[in-house]
Amino acid sequence: MSDPSVDQVLSFEAAFKRLEEILQEISCGEVSLDSAIQLYEEADRLINQCGKRLNAAEQRIESLIKNRQG
């Protein structure tokens with residue numbers, strides 16, 4: 001199980017891929033409770049990171065549209 005640093009910022013695509021990996025690890029049912037909790041915490045951080053990036057992208061697109069419309 002790879003465990004990126006808590007402070008490491010991944011690209012959106014890398015973070016999303018890691019979320020998929022975490023889901024597979026938890027879904028297999030072969031992780032201990034402690035490991036599952038750590039994976040859940042990592043997933044929560046990645047979800048927040050992805051959400052922030054998506055919000056920033058949405059704001060950027062809205063700004064571009066407003067600028068185009070005048």
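One is the number of the first residue; the rest follow in order along the sequence.
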Can you tell me how far the [atom1] atom of [X] sits from the [atom2] atom of [Y], to the nearest 0.5 Å?
X	Y	atom1	atom2	result
Glu13	Cys50	CD	SG	9.0 Å
Tyr40	Ile47	OH	CD1	7.0 Å
Asn48	Arg53	CG	CZ	13.0 Å

*Can you tell me if CD on Glu62 sees more than 12 non-hydrogen neighbours from other groups inside 6.0 Å?*
yes
*So, Glu25 and Arg18, do they make that salt bridge, N to O below 4.0 Å?*
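Arg18 and Glu25: salt-bridged.
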*Does a salt bridge link Glu20 with Lys17, judged by any charged N lying under 4.0 Å from a carboxylate O?*
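So Glu20 does not pair with Lys17 through a salt bridge.
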*asked:* Under the criterion salt bridge (Lys or Arg N to Asp or Glu O under 4.0 Å), I'd like the reasoning laid out for Glu42 against Arg45: C-alpha separation, chi angles, the key distance, then a yes or no.
replied: CA-CA 5 Å; Glu42 181 183 353; Arg45 288 189 300 270; 5.3 Å; no
For a 4.5 angstrom cut-off between non-hydrogen side-chain atoms, does [X] reach [Y]?
X	Y	value
Leu19	Gln49	no
Leu39	Leu23	no
Leu46	Phe16	no

